[in-house]
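What you see below is based on every heavy atom in this structure, not just the backbone, and it leaves out hydrogens, waters and symmetry mates. These numbers were taken from a predicted model, which means no experiment stands behind them. For reference, positions follow the sequence shown, starting with 1.
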Amino acid sequence: LELIGPPPAAVLELGFAGIHAVPLRLAGYEVTVVEPDPAYRARAAERAGAVLEQVPQRAFDAVVAPAGADLAGIDAARTLLVEADGTVVG
């Protein structure tokens, strides 16, 4: 949470099937969940409620995405790329 900055902040969770949405919301962040993979979208909706297929054209304070994710065109002040073991690399 320290890497995102203090809430309130707009956070994009990209490609994690909603696993970060609830804790981030409980911490006071406004979270937008995007799950581009249809195989995981239903699970994301169970965890996070509303889920988008594509990133909306708006600015975010931070984006949380898997390491190696394509972030082209995403407007975010901070980028947190997360490895499979949970390590934040960027």
With side chains defined as the heavy atoms from C-beta onward, is the minimum distance between [X] and [Y] less than 4.5 Å?
X	Y	result
P56	T32	yes
V88	L3	yes
L14	P36	yes
V51	V34	no
E2	I4	no
L12	V64	no

Common cluster, [X]/[Y], ILVMFWY with side-chain heavy-atom separation under 4.5 Å:
X	Y	answer
L52	V55	yes
Y29	V63	no
L1	I19	yes
L71	L80	no

State, to 0.1 Å, how close [X] and [Y] come at their nearest heavy-atom pair, and which atoms those are.
X	Y	value
A48	V33	CB-CG2, 3.7 Å
A76	A62	CB-C, 4.3 Å
F16	E35	N-OE1, 3.5 Å

Is it the case that the side chain of [X] and the backbone of [Y] share a donor-acceptor pair, with hydrogens and angles ignored and the cut-off at 3.5 Å?
X	Y	result
E13	G18	yes
D61	V11	no
E83	D85	no
R43	A17	no

Verdict with supporting geometry, R58 and E30, salt bridge (charged side-chain N to carboxylate O under 4.0 Å, His left out): CA-CA 13 Å; R58 61 168 282 204; E30 172 200 330; 2.9 Å; yes

To the nearest 0.5 Å, what is the distance between [atom1] ([X]) and [atom2] ([Y])?
X	Y	atom1	atom2	answer
E53	R41	CD	CZ	4.0 Å
F60	R78	CZ	CZ	14.5 Å
H20	R25	NE2	CZ	13.0 Å

